[in-house]
Structures are given as C-alpha cells and as structure tokens.
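Lettering follows sequence order; numbering is per chain, from 1.
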Amino acid sequence: MRGQLRRLGLGHDQRRSVSTTDIDFYKWTQWIFLQLFNSWYDTDTDKARPISELENGFASGERKFLHEREWNSLNRSEKREIINSYRLAYLAEAPVNWCPALGTVLANEEVTAEGRSERGNHPVYRRPLKQWMMRITSYADRLLEDLEILDWSDAIKTMQINWIGKSEGAEIQFHIGESQIEVFTTRPDTLFGATYMVLAPEHPLLREIVADDWPADTPEHWKNGSRKPREAIKAYQESAAQKTDLDRQENKDKTGVFTGAYAEVPVNKKQIPVFVSDYVLMAYGTGAIMAVPGQDERDWEFAETFNLEILRTVQPPDTWEGDAFTGDGPAINSDFLNGLKVQEAKARMIEWLEDTRNGTRNTTYKLRDWLFSRQRYWGEPFPIVYDEDQLPIAIPEDLLPVELPDLMDWAPRSLDENSDPEPPLGRASEWVTVDLDLGDGIRQYRRELNTMPQWAGSCWYYLRYLDPSNNDEFISTEIEAYWMGGETGGVDLYVGGVEHAVLHLLYSRFWHKVLFDLGHVSTREPFHRLYNQGYIQAAAYQDPRGIYVDAVEVIEENGDFFHNGELVTRSFGKMGKSLRNSVTPDEMYDKFGADTLRLYEMFMGPLDQDRPWETQSVVGSQRLLQRVWRNLIDEETGDLIVSEEEPPSRLKRILHQTIQSVRDDMENLRFNTAIARITELNNEITKLDSHTPRDIAEVLVHLLSPLVPHIAEELWEKLGHKNSIVYSQFPTAEPSFLVDELVEIPIQINGKLKSRIVVANDCSSTELKEIALLDPKISSILSGNQIKKEIIIEGKLVNFVI
RNA sequence: GCGCCGGUGGCGGAAUUGGCAGACGCGCAGGGUUUAGGACCCUGUGUCCAUUAGGAUGUGUGGGUUCAAGUCCCACCCGGCGCACCA
C-alpha cells in the first residue's frame, strides 16, 4: 500500500503518518474517552461540562437535584450511580444489535435497513444487554443545525438529517382505566379525529390495561380467534416477536388485536378502543399512538381493516379523491380549532394541552445513543476498571495507555442467536484483574473487557495528523489553532466516499463538538468542506450460467461480447475479485507509467461521479504527455528545443486564458476540464512552425505539474532550473491578455443560427447591427422581410426576429 | 412510498447569469511517414436529406414561458444511491 502510494507520487507526508492501532495513538483515543466519561451535557447552557461541576452542584444545592431523595442522604455508591447516569459515556442495559456471526454487538448505524450487518451482511438480532453508550442524542440539535455552516453535498446532508430524524410535536396523556399512557404525535391538531389507539406489541403497560373479558359486542375479527383478550394479546405478541424486520417490511398488511380496553381522548372525553399492532414500533416515540385515520394513511388502512370510525378533522380540497388527507387545510369537527390552518391549530392545541396538563410540547429523534462497546480483540481497551460495587471507575490519565494484552487466540467466536457475547479479552486471564492504587491504597480491580469500535480512532485522527509525535497532549493548542482555525474552521478539504455518511462523519462531528465544548479544539465542526469522490467502476461479464468470467479475456465484436467464443453479458461494478474485473494500479504503472495513470484517472470524468474504467482509453493521456515532451525536447538527442523568442500575441492570449481556466478548474476540483484546457494549449503549440517559446513552455510544465509531477520535474530541470518545480510560483493570468481583440459573434434569425461575423471586441451594438446586416447570408434572408424585433448584445450575439 | 443525485454522439464526457450544443479524449474512416509496426503525423466524424452549395433536425418523454431553453416552470418516464409502517 505505501509502496503504491509512493510509486504514484501521491506525496503523502511520511512524518505525519499515523496508525490508529499504535499504542502512542490509542493512548490518546483512551484519553478522549475519559473526557467523554468525565463530562455531562448541561441542557441549560447547551454544552458538555466536566462531571465534577455537576457533582459539586448537587452537593452544594446550587443545582437542583430532581430525584425522590435528597442528594446528601444518598450513600457513596448511590451517588456514583446517579452521576454515572449523566455521563456522555455511560453503561446501559438496552436493546442492542447482537450479531452472533461477528461475535459482537453493533451500533444502529452499522446495521442495514434489511436488519443485517454492514460488514459481512450477517443477520443481526435485537436483545437487551448491558453495554457502553455515547450520549450522541444530546447533540442531535447541534449536529442538525451546524450542517448549515458546512460545505457538504446535499446528498450527505440529507442522509444525516434523515438519520437524526427530528420531529416536533406533542406528548399527550391518555387515561385507560386507572392507567395512563403517553402518546407522541407530530399532529396534535388532529386530536379530535383520534378514533382508536394502538400500542406496540412490546409495550410494557399492556400488562396493566388488557381487559379480562371481551366487552359485549366485540366484533369477532378484533379477537384474533381467542376467547379471552389476554390469550389473544399473548398470541399476537408471540407472532410479532417471530417476525424479523425484513418480514415487517415486506408484509405491510395491517394486523392487530383489540385489548378489550378503552382510552379517553382528553379533549372530548370520547372513549376509543385500544389495539395492539406491530405497525407501531416500540423503538420510536413512546411506543404508542393515537390513531387518526382521517389524516394518516397507515391509520386509515388499519381503520378499514377493522371497521373503525374515520373522522376527518382537516378539510381536504374539493378535488381530493384520496383516503387520508395529510396536507394543509382548515380544521373541521374540532371545536375550538375549527377554521384554523394546521400550523395554527397545532400551536393552539399544544397550548390547550399544557394549560390543562394533558400533555406537553415535545420533540423526538430517530437518532439513538451510540452503542460504543464491541466484543473484539482488535480495538482500544476501555480505560475503565470496576470495584466491588461493580461500578465503573476511570483509570487516571497518568496511567494511560491501557495496553491490549498479548493473546494467542484473539479471533471472535462464531456464536448463535441465543448465546451471550464473549469479549476475547476475557481469555487474557492475567490481564482481567489488576492491582492499582487509585487514591485509597493498592486494591484489586476488575478490568473492562470490551473494546472500542473501529470508529473511535477515526473519530479524531485528523487532529493527531497535525501533531503526530506529541507525547504531552493529544494535540498542541497552537498547532490545532493554526491548522483547524482560519476563516472556515475545520479541515479545509476532506475527500472521502459516501459510505461514511452516517457513520464516521456523524461520530467525528459528535466527538469534535464534545472536544469543542471542553475547550480542547477551537472549531465547532471538524470538516469544513467535504467532497465525495465517485468510484472507478469496471465492466464485468457473466456467462450464460451467470458466472463471472475474467474481464481481460473478453473480446468485443459488433457490440456483443465473447469469452472463449461464448456470448457473455456486460454490467458495471466496483472493481474486485468477485466480479473478476480488477485492474491494478501496478499493471497500469508498468504499462503506461505513473504520470499517465494519474492523468487518465483525473481526465475520465468529474471527480464526484462513478466512472467506468476503460484501459483502451488510457493511451489518450499517454499521447498528451508524449506530445508535450516532443514540443520541448528533441526526441533523438534529448536536448531542449525551446526558443527564446517572444511568443506570438495570439498564443500569448491563449496561454493566459488557459492559466485562468486551469486555476479555476483546479480550485473546484474539476481536473477533467483543466486537462482539456491544457490539451488545447498543447495542440496550439504543436501547430507552431517554429520551436516552442520558453515563456509558453514553462507555463505549460507548471500547469501540468500537480497532475503529472514526475515528467514535470524532469522537464523543469531540462528547462534549466535547479530547484524543484514545487517551490516555484504557480502561474497567474495577466488580465490584459484575457480578452481577444477580435471576437466572433453569432447572428441568428428567429433564434436560429444563420451566420457569424468577426468584429473588434469593443464593437458597439449599432456597429454590430450594421455589420450584421451587411453579411451576405443575412441580407439575402432579410430581403423582403420586415424586422419585427432585434436583440443585440454586445460581445455576445445578434438576433433578428422577422 | 419519501428524499437526494443523474439521463447530452458508437463510448467517457464539455457547455458562467438562459445566448454558437457536442469542448477535450477514446473509437472509427480516409490519407501521409516508415523495411515494417503504431503508443507517429494530417484530415474528417451527432443524425437525416443533398453530387456540391446548402437545408432540416437534434440534449429521456409531453406540454409551457421566452426573441432565444441542455439550462427556467408544470406533468411524466427511466437509472443509481439512501431511508422506509418514524406516528
């Protein structure tokens, strides 16, 4: 890998090379973990603060302690548990993604929509486990808002927006007998239209509310075939538990069971039936909804299946032919809301709910806290030990790093769905306990056996890269300010693939904001400008059985493709072994040289798009370099053949126009068009009868140098320079040469091009018109026709309307 | 279903604020140089009609705005990616 980078002249700075697995690096990853562990999120000031400030606040009474008992009446261990529940890095028993095939739990971001692992595509199961979490949800709003200051593509921004999934609305209390159930809705304005309620099958309050017997007149199809509600609910819960996420997605037919219970709608005291259905997810909102079929398509569908009342509370337009109406319109059937538009009605209803203590304004997010521990060997050990209270204690900074123990057998075990995760570090029997003096004498502690995910190191490596050998700090304050500061703030340009949209790029932003709050970095965001490069794809070929054949052996004939005489079909995909379509940089280097390879890769299309590799086309780039070489060097002797003459003024103009566009293109990473401009310049030089003037040659080499450094350096040296071209100033365009003395102006009749005239660049519109009318083609068309209108734009065009 | 991105010659792709569609390259065709070869040089190359001159037509489809639309507006089709019963 390093060899390939070097061979291609990619100019990586070896001195700044960092590896997240080096002890010197992960020592600081552990240090950052401690910053998170030792902080809490203060919602009053909207930033992270040291946890000691919270503790002192509780102790002094300065900060209100909103729990049942007085802070000072708690014992040490109770206090610790409370404090722990505020930390940005905390342990929690929660439903997590357990991937037995990988032997580890995974973060939500690492599980695909199909409920499989991003890595390896293995099945993932939800199950409750005690794991380390990162309180990224505290930052949801800031992660959302600060997207605005970033120069990122809309694609990535929307992916993050969707992932954070902010919805504003209200939480409303419903009474079911003695019990109370909270519902989250983004449409509190439709409360009068609530005609039934639905709980998720996993909802904990089901136990309390399910009736003993079906009420009289309960329709048969509400009963799930059971004689008693409890039986019906139990059967439904079991069948729902069997369904995978995939099943739920594929089969969107509404199913459900009546609980036998009725809830009271707070605003009109109406009694509505309570159902259980798996179209309500426990993981979102409160796991319970008020169903408003009139304004919600899913509820409409369910209402139709179970013959439930449908009441419109927003007036759809007259032309409306659909079912549920989710658009805007005046409220109807809604008492004090009648006539109000959705926005006003929402606000009014929230006011009413808060006044009457039936609910509160609330916001929910799809984003969950980040599951941070893994049961793998290759990861940073947590700088955490446990004492006899089984509560986590941070290893002091001066005892870092906590090194990974040597393990002969470090592979994760492949387990099944029902087994528990087994951290490989548990096999390091010498290591699992440790004697430490943490202030009260040497005592034995039990180590944390989980490790951090691979994202931990990549969350902050861009900072360490700036100051890679600092042994005293994770980065020096001055160096951080120098590189990360400036107008924009953050990394100036970050090029990477789109696949990290809601993984690395979200996690990094989160860590960076924590470090910012604690005063360790000076910018709100880590990456100011993000550029997602496309992938180079290559043609892959499948034989009639669908098996991929070696792409290099395929021959084309009249648009069809053959492999050993057999017809094969073509598709495009990422290069790789499975598609048997790889072309390695080394092969290309050997055949064409590093400069040609670089030039071709930059020329084949816009950087942000996927582009198909075509070995056949690489010669084009090689030819350009050969032509440039021959324009400056005698092929036979190897001598420089540039002339010291002043270049002709026409060529000088072309030269400066080229400088201008190449600068602009490079600034915007449009290397393909920059190369096209350079090619045009070189083609002009080739047409010269005399040798290339030095002024032209030097600029040409300069323009090429970032793209093809090797040949550029050699030509630069042959031009007589002692120092490397990288130390010389990139050319700047002379404004006076950017305008041509003569310009060609198109002449249109009725907007269609009929002729062209060449005029001085400062030709006035009256002159333009006169010259245009003199043009033989134009005059012959115009003769006998009345000009109705004329559009004359100086320096641009002439258009006569007849 | 929702969101984002895209659709231009045989191919990869160009085209500021609406202003000459197809820059540049590959491929292809014809010619030149060479003992030969092409990773060399020159010329041509959107499509259709025409011997030429020239004409018509043309940026996924259908409408619209405009003197003028690849570009703006409306409706739709196709492809890629992401999310998906998110209340």
Worksheet item: Taking the six-membered ring for Trp, are the ring centroids of Trp163(A) and Tyr365(A) within less than 6.0 Å of each other?
Response: no

Worksheet entry | Phosphate OP1/OP2 of G19(B) contacted by Lys796(A) side-chain N/O (<4.0 Å) | no

Discussion item. Return a single string for nucleotides 36-45 of chain B, one symbol per nucleotide in 5' to 3' order, where B is base contact, S is sugar-phosphate-only contact and - is none, cutoff 4.0 angstrom on heavy atoms.
Written reply: ---BSS----

Practice prompt. Ignoring backbone atoms, test whether Thr673(A) places a side-chain nitrogen or oxygen under 4.0 Å from the OP1 or OP2 oxygen of C24(B).
Written response: no

Worksheet item: What interatomic distance, in whole Å, is found between C1' of U16(B) and the corresponding atom of U65(B)?
Response: 22 Å

Worksheet item: Charged N to carboxylate O below 4.0 Å: is that the case for Glu601(A) and Arg598(A)?
Response: no

Discussion item. Using the C1' atom as the point on both nucleotides, what is the distance between C72(B) and C83(B), in whole Å?
Written reply: 30 Å

Discussion item. When the P atoms of U66(B) and C77(B) are compared, how many Å lie between them, rounded to an integer?
Written reply: 28 Å

Item to complete: Output yes when at least one side-chain N/O atom of Asn532(A) is less than 4.0 Å from OP1 or OP2 of C5(B), else no.
Response: no

Worksheet item: So does Asp189(A) pair up with Arg187(A), basic N to acidic O under 4.0 Å?
Response: yes

Item to complete: Applying side chain to side chain contact (heavy atoms under 4.5 Å, CB included), name anything that partners Arg312(A), two or more places apart in sequence or on another chain.
Response: Gln295(A), Trp300(A), Pro316(A), Trp320(A), Phe325(A), Ile332(A)

Item to complete: Provide the closest heavy-atom pair for Thr137(A) versus Asp369(A) in the form atom of the first, atom of the second, distance.
Response: OG1-OD1, 2.6 Å

Discussion item. Among C4(B), A87(B), C67(B), which nucleotide has an atom closest to any side-chain atom of Ala155(A)?
Written reply: C4(B)

Please tabulate the protein-to-nucleotide N/O contacts below 3.5 Å involving nucleotides 9-13 of chain B, giving atom names and distances.
| from | atom 1 | to | atom 2 | distance (Å) |
| --- | --- | --- | --- | --- |
| C11(B) | O2' | Glu614(A) | OE2 | 3.2 |
| G12(B) | O2' | Met604(A) | O | 2.6 |

Worksheet item: Say you draw a straight line from CD1 of Ile164(A) to CG of Leu147(A); how long is it, rounded to the nearest 0.5 Å?
Response: 6.0 Å

Worksheet item: Looking at side-chain heavy atoms only, is the closest gap between Ile136(A) and Leu506(A) below 4.5 Å?
Response: yes

Response to the item:
Testing C24(B), A21(B), G82(B) for proximity to the side chain of Thr679(A), the answer is C24(B)

Worksheet entry | Approximate separation, where rounding is to 0.5 Å, of Leu655(A) CG and Ile685(A) CD1 | 7.5 Å

Discussion item. Parallel, tilted or perpendicular: which one describes the rings of Phe302(A) and Phe275(A), with boundaries at 30° and 60°?
Written reply: perpendicular

Worksheet item: Knowing that exactly one of Val708(A), Leu599(A), Leu703(A), Asp665(A) qualifies, which makes a side-chain contact (heavy atoms from CB on, under 4.5 Å) with Ile675(A)?
Response: Leu599(A)

Worksheet item: On a plain distance test, is the side chain of Lys254(A) in donor-acceptor contact with the base of C85(B) below 3.5 Å?
Response: yes

Practice prompt. Inspect the contact between Arg119(A) and Glu110(A) and indicate whether a charged nitrogen and a carboxylate oxygen are less than 4.0 angstrom apart.
Written response: no

Discussion item. On the six-membered ring of Tyr279(A), is Lys254(A) placed so that its NZ or CZ lies under 6.0 angstrom from the centre and within 45° of the ring axis?
Written reply: yes

Item to complete: Anything below 3.5 Å on both distances counts as a pair; with that, list the stems of at least three consecutive Watson-Crick or G-U pairs involving RNA chain B.
Response: B:1-7 with B:77-83, B:10-12 with B:24-26, B:27-32 with B:40-45, B:46-49 with B:54-57, B:60-64 with B:72-76

Worksheet item: What distance, rounded to whole Å, do you find between the two C1' atoms, one in U71(B) and one in A14(B)?
Response: 14 Å

Worksheet item: Expressed as a whole number of Å, how far does the C1' atom of G13(B) sit from that of G46(B)?
Response: 14 Å

Item to complete: For nucleotides G3(B) and A56(B), find the distance between their C1' atoms and express it as a whole number of Å.
Response: 43 Å

Item to complete: Could you label the plane-to-plane angle of the Trp370(A) and Tyr507(A) rings as parallel, tilted or perpendicular, counting under 30° as parallel and over 60° as perpendicular?
Response: parallel

Worksheet entry | Base of C67(B) paired with side chain of Asn799(A) (donor-acceptor, under 3.5 Å) | yes

Worksheet item: Syn or anti: how is G70(B) classified when any glycosidic angle within 90° of 0 counts as syn?
Response: anti

Worksheet entry | Residues Lys157(A) and Glu148(A) bridged, charged N to O under 4.0 Å | no

Find every protein N or O atom lying less than 3.5 Å from an N or O atom of nucleotides 52-59 of chain B, and list the pairs.
| from | atom 1 | to | atom 2 | distance (Å) |
| --- | --- | --- | --- | --- |
| U57(B) | OP2 | Lys752(A) | NZ | 3.3 |

Worksheet item: Which listed nucleotide (G3(B), C20(B), A87(B)) is nearest to the side chain of Glu744(A)?
Response: C20(B)

Donor-acceptor contacts, no H, no angles, side chain residues 631-638 of chain A, under 3.5 Å, sequence neighbours left out:
| from | atom 1 | to | atom 2 | distance (Å) |
| --- | --- | --- | --- | --- |
| Asn631(A) | ND2 | Arg627(A) | O | 3.3 |
| Asn631(A) | ND2 | Asn682(A) | OD1 | 2.8 |
| Asn631(A) | ND2 | Thr686(A) | OG1 | 3.2 |
| Asp634(A) | OD1 | Glu636(A) | N | 2.7 |
| Asp634(A) | OD1 | Thr637(A) | N | 3.1 |
| Thr637(A) | OG1 | Asp639(A) | N | 3.1 |
| Thr637(A) | OG1 | Asp639(A) | OD2 | 3.3 |

